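Working notes for the structure below.
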Amino acid sequence: MKRIIFATGNAGKMREIKEIMADTGAEILSMKEAGIEADIVEDGTTFEENAVIKAKAVAAFTDDIVLADDSGLEVDYLNKEPGVYSARYLGEDTSYDIKNQAILDRLSGVPKEKRTARFVCAIAAAMPDGEVLVTRETIEGYIGEKPAGANGFGYDPIFYVEEYGCSTAELSEEQKNAVSHRGKALRAMKEQLNQYTG
Ligand code: IMP
């Protein structure tokens, strides 16, 4: 395992993957660092499909291993919305203050036991030989009654984790990475890659 390209333009995700993959000895590059520009249409209906679409699209430009992720929030009471549309929910440019408030409004009066939700993350690895590896992990929680915390991003202020008794926006980056959907999926992918490349 020499070079791994991560198909994202998100600096936070790059930081996390570099930290988790540090002990593999592989050089981890963003698409930009690898000089790859690709406009990818994420038209899959599952997180796994979208991760595979992104990884394969970027793999067309390189002989290195390409990793890609797709993630989002599933709210059980809302039939697992916003799901794969999490980034696009109410429009890509709509602020998360508005998106989060809209979810709170839709859950108004709904008791805690029916407010269950999870963050999901799928990671795909497109290998130079054409093989594709996929991992998928979740973090279970519930939608709180009001937003709290200023860390993290996206839906973190309304997503509460029972074991911490607070929202994921109130956790430090280290605390969140230890239990998050993305942290777990990345560590699972690291294991798969180790086995695959020997
Ligand atoms: P993508 O995986 O970059 O396509 O986007 C996933 C979207 O899901 C983000 O824009 C957020 O809205 C949401 N999301 C995924 N992971 C998290 C998280 O850890 N915290 C908060 N929101 C998240």
Side-chain angles (χ1 to χ4, degrees), residues 6-17 30-32 37-51 53-54 57 68-123 136-186:
F6 196 36
T8 185
N10 180 315
K13 287 185 184 177
M14 273 320 292
R15 224 180 21 250
E16 194 176 337
I17 188 185
S30 66
M31 269 164 69
K32 197 173 165 200
E37 260 183 65
D39 205 9
I40 304 160
V41 182
E42 291 175 38
D43 54 2
T45 56
T46 64
F47 296 107
E48 288 93 329
E49 271 176 33
N50 278 336
I53 288 169
K54 284 188 248 186
D69 81 329
D70 194 53
S71 57
L73 175 70
E74 288 182 352
V75 181
D76 291 324
Y77 190 78
L78 303 178
N79 297 316
K80 302 203 172 170
E81 276 185 52
V84 289
Y85 299 105
S86 291
R88 289 164 277 176
Y89 179 59
L90 299 180
E92 194 107 32
D93 297 329
T94 303
S95 79
Y96 276 93
D97 286 349
I98 291 174
K99 295 188 204 231
N100 285 334
Q101 192 54 52
I103 290 178
L104 292 176
D105 290 348
R106 291 175 73 188
L107 292 186
S108 173
V110 175
K112 186 182 166 194
E113 64 270 19
K114 289 190 180 164
R115 302 174 77 98
T116 49
R118 68 201 54 75
F119 282 129
V120 183
C121 178
I123 307 224
R136 179 187 197 273
E137 295 286 339
T138 62
I139 175 173
E140 298 291 328
Y142 61 97
I143 303 301
E145 293 286 344
K146 57 181 189 316
N151 302 333
F153 67 101
Y155 299 100
D156 279 327
I158 59 167
F159 184 81
Y160 286 66
V161 180
E162 202 73 65
E163 65 175 297
Y164 286 105
C166 67
S167 83
T168 43
E170 294 177 283
L171 298 178
S172 70
E173 194 168 305
E174 264 179 20
Q175 282 175 316
K176 189 180 159 192
N177 288 351
V179 293
S180 80
H181 50 316
R182 193 169 300 100
K184 289 194 279 190
L186 272 173

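Predicted model, so just to flag it, every value in this text is computed and none were measured. Residues take their numbers from the sequence shown, with the count starting at 1.
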Original post:
Okay, side chain of Lys99, backbone of Gly91: is any donor-acceptor separation there less than 3.5 Å?
Top reply: yes
Original post:
Is it true that atom OH of Tyr164 has more than 12 heavy atoms of other residues, nucleotides or ligands lying nearer than 6.0 Å?
Top reply: yes
Subject >> Atom pair OH (Tyr142) and OG1 (Thr116), whose distance is rounded to the nearest 0.5 Å >> reply: 12.0 Å
Subject >> Taking every non-hydrogen atom, the tightest pair across Ala122 and Ala51 >> reply: O-CB, 3.7 Å
Subject >> Expected output: side-chain Arg115 to main-chain Gly144 donor-acceptor under 3.5 Å >> reply: yes
Original post:
Using a distance-only test with no angle check, is there a side-chain donor-acceptor pair under 3.5 angstrom linking Asp105 and Gln101?
Top reply: yes
**OP:** Could you tell me which residues satisfy ring pair (Phe, Tyr, Trp, His ring centres under 6.0 Å) with Tyr96, sequence neighbours excluded, listed by chain and number?
**Re:** Tyr155
Subject >> Note, Asn151 side chain near Lys176 side chain (heavy atom, < 4.5 Å) >> reply: no
Original post:
Is a donor on one side and an acceptor on the other found under 3.5 Å between the side chain of Asn100 and the backbone of Lys146?
Top reply: no
Original post:
What heavy-atom pair brings Cys121 and Ala185 nearest, and what distance separates the two atoms?
Top reply: O-CB, 3.8 Å
Original post:
Could you state the interatomic distance from NZ (Lys114) to CG (Asp76), rounded to the nearest 0.5 Å?
Top reply: 12.0 Å
Original post:
If you measure from OG on Ser167 to CG on Asp156, what distance do you get to the nearest 0.5 Å?
Top reply: 7.0 Å
Subject >> Result of checking Lys80, Glu81, Glu74 against Leu78 for side chain to side chain contact (heavy atoms under 4.5 Å, CB included) >> reply: Glu81
**OP:** Please list all pairs passing the side chain to side chain donor-acceptor pair (under 3.5 Å) test where one or both residues lie in residues 6-16, with sequence neighbours left out.
**Re:** Lys13-Asp69, Arg15-Glu173
Original post:
If you measure from CD1 on Ile123 to CG on Asp70, what distance do you get to the nearest 0.5 Å?
Top reply: 10.0 Å
**OP:** Could you pull out the closest heavy-atom pair between Ala148 and Tyr160, with the gap in Å?
**Re:** CB-OH, 3.3 Å
Original post:
Can you name the nearest heavy-atom pair linking Asn50 to Gly44, along with the distance?
Top reply: OD1-N, 2.7 Å
Original post:
Between Val161 and Val179, is any pair of side-chain heavy atoms under 4.5 Å apart?
Top reply: no
Original post:
Under 6.0 Å from the CD atom of Glu37, do we count more than 12 heavy atoms belonging to anything else shown?
Top reply: no
Original post:
To the nearest 0.5 Å, how far apart are CG in Leu73 and OG1 in Thr138?
Top reply: 12.0 Å
Original post:
Can you name the one residue among His181, Arg182, Arg136 that meets side chain to side chain donor-acceptor pair (under 3.5 Å) with Ser71?
Top reply: Arg182
Subject >> Side-chain heavy atoms of Ile103 within contact of Pro82, under 4.5 Å >> reply: yes
Original post:
Considering residues at least two apart in sequence or located in another chain, which fulfil the ring pair (Phe, Tyr, Trp, His ring centres under 6.0 Å) criterion with Tyr89?
Top reply: none
Original post:
Between atom CZ of Phe6 and atom NZ of Lys54, what is the distance when rounded to the nearest 0.5 Å?
Top reply: 8.0 Å
Original post:
Just wondering, more than 12 heavy atoms not from Glu163 lying within 6.0 Å of its CD?
Top reply: yes
**OP:** Kindly give the heavy-atom pair with the smallest separation between Thr94 and Leu90, and that separation in Å.
**Re:** OG1-O, 2.5 Å
Original post:
Hey, does Val84 have a side-chain heavy atom less than 4.5 Å from the side chain of Thr45?
Top reply: no
Subject >> Heavy-atom pair with the smallest gap, counting every atom of Tyr77 and Leu107 >> reply: CD2-CD2, 3.4 Å
